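First up is the structure itself, then whatever we jot down about it.
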Amino acid sequence: MTVDHVSKSFGDNHVLRDFSLTLGRGENVVVLGKSGSGKSVLIKCIIGLLPYDEGTITVLGQDVASLDHAAMDQLRARVGFLFQSNALYDSMTVRENLLFPLRRHWLEHSAGEEDDMVRQALEDVGLANTANMMPVELSGGMRKRIALARTLILRPEIILYDEPTTGLDPITAREIDQLIREVQHKYNTSSLIISHDMNCVRLTADRVALLVDGRCYAEGTYAELEQRDDPKIHEFFA
Ligand SMILES: Nc1ncnc2c1ncn2[C@@H]1O[C@H](COP(=O)(O)OP(=O)(O)O)[C@@H](O)[C@H]1O
Ligand SMILES: [Mg+2]
């Protein structure tokens, strides 16, 4: 996946200014930026939920801006998106939530296959035996895991995580970080994680891109950036 010189404004609010980033196969890249810096805007541009003004975004070899509705839909079946809010359907059981992406993408499976897929996805996130529960019965951390399981059921090649640990207590947050790593290794997925939780950044990132003033201000491993003697970078690690 590449984001190449992308700009995005809302009126006079220039959120992304010539932002560039690459995500290699099997790699976890964290985009680190302050609140309101444009992290969610970036992820929405990547997944085609927001149009951008300039530049090119290529996802799994396809130029996002050139895709029609049907092609975008097909691409979205290969790219998982974990909303900050989880976006689970409260009126549906966990099982129905997990099967929703299959229905949405018209992927037909026998009842037995569906059972196996739900079981596998729930095992992957450490929540076997929750299939018949309702989202309201689950804790914040469990809801995050279910949202991830719903993403995993389509076996995505890329997963986009919007602030996966925000709003979780520290222990639960570290469990989610660990889960992000487990998923990366088990399925060889590439992930773009946006966060301002420095523990999450340290534990999940192979590489960190710093989003400052709409640009990719600096890039490197957590350890490399932590040692840089630049006030704008240091601010994040202080
Ligand atoms: N749909 C929209 N219309 C207008 N402005 C928006 C929209 N979405 C985001 N913005 C603005 O873009 C900026 C970046 O927002 P966002 O990407 O949500 O920040 P964050 O880094 O916290 O995720 C903010 O100033 C926000 O007000
Ligand atoms: Mg956001």
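Side-chain atoms are counted along with the backbone in the values below, which use heavy atoms only and exclude waters and symmetry mates. The model shown is predicted, which means the values in this text are computed figures rather than measured ones. Counting starts at 1 for both ligands and their atoms, in listed order. Residue numbers run from 1 in the order of the sequence given.
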Would one find an N or O of Gly38, backbone or side chain, under 3.5 Å from an N or O of ligand 1?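 There is such a contact, yes.
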N or O contact, Glu163 vs ligand 1, cut-off under 3.5 Å: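 Such a contact does not occur with ligand 1.
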Tell me whether the Mg ion (ligand 2) has Gln84 as a neighbour, meaning an N, O or S atom of it below 2.8 Å.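 No, Gln84 does not qualify, because none of its backbone or side-chain N, O or S atoms lies under 2.8 Å.
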Looking at [atom], what's its closest protein heavy atom, distance included?
| atom | result |
| --- | --- |
| atom 1 (N) of ligand 1 | Phe10 CE2, 3.8 Å |
| atom 14 (C) of ligand 1 | Gly36 O, 3.4 Å |
| atom 18 (O) of ligand 1 | Ser40 CB, 3.7 Å |
| atom 12 (O) of ligand 1 | Val15 CG2, 3.3 Å |

Cluster link Leu49 to Ile46, ILVMFWY, side chain under 4.5 Å: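 Yes, Leu49 and Ile46 fall within the same hydrophobic cluster.
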Common cluster, Val29/Ile159, ILVMFWY with side-chain heavy-atom separation under 4.5 Å: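 No, separate clusters.
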Would you call Lys34 a ligand 1 contact, heavy-atom distance under 4.0 Å?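 In this structure, Lys34 qualifies as a contact of ligand 1 - some heavy atom is under 4.0 Å.
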If we count only N and O atoms by modelled type, under 3.5 Å, do the side chains of [X] and [Y] hold a donor and an acceptor together?
| X | Y | answer |
| --- | --- | --- |
| Asp197 | Thr165 | yes |
| Ser40 | Asp162 | yes |
| Asp116 | Gln120 | no |
| Arg181 | Gln184 | yes |

May I ask you to identify, for Val41, whether its side chain, its backbone, both or neither come under 4.0 Å of ligand 1 on a heavy-atom basis?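 It is both backbone and side chain that touch ligand 1.
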With heavy atoms only and a cut-off of under 4.0 Å, state how Asn13 meets ligand 1: side chain, backbone, both or neither.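 Only the side chain of Asn13 comes within reach of ligand 1.
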Stepwise side-chain contact (heavy atoms from CB on, under 4.5 Å) check, Phe236 with Val212: CA-CA 11 Å; Phe236 288 93; Val212 178; 4.1 Å; yes
Considering the heavy atoms of Ser35, write down every atom of ligand 1 situated less than 4.0 Å from one of them.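 Atoms satisfying the 4.0 Å criterion: 22 (O).
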Is the ring pair Tyr222/Phe237 parallel, tilted or perpendicular, if the boundaries are 30 and 60 degrees?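 Perpendicular: the ring planes of Tyr222 and Phe237 meet at over 60°.
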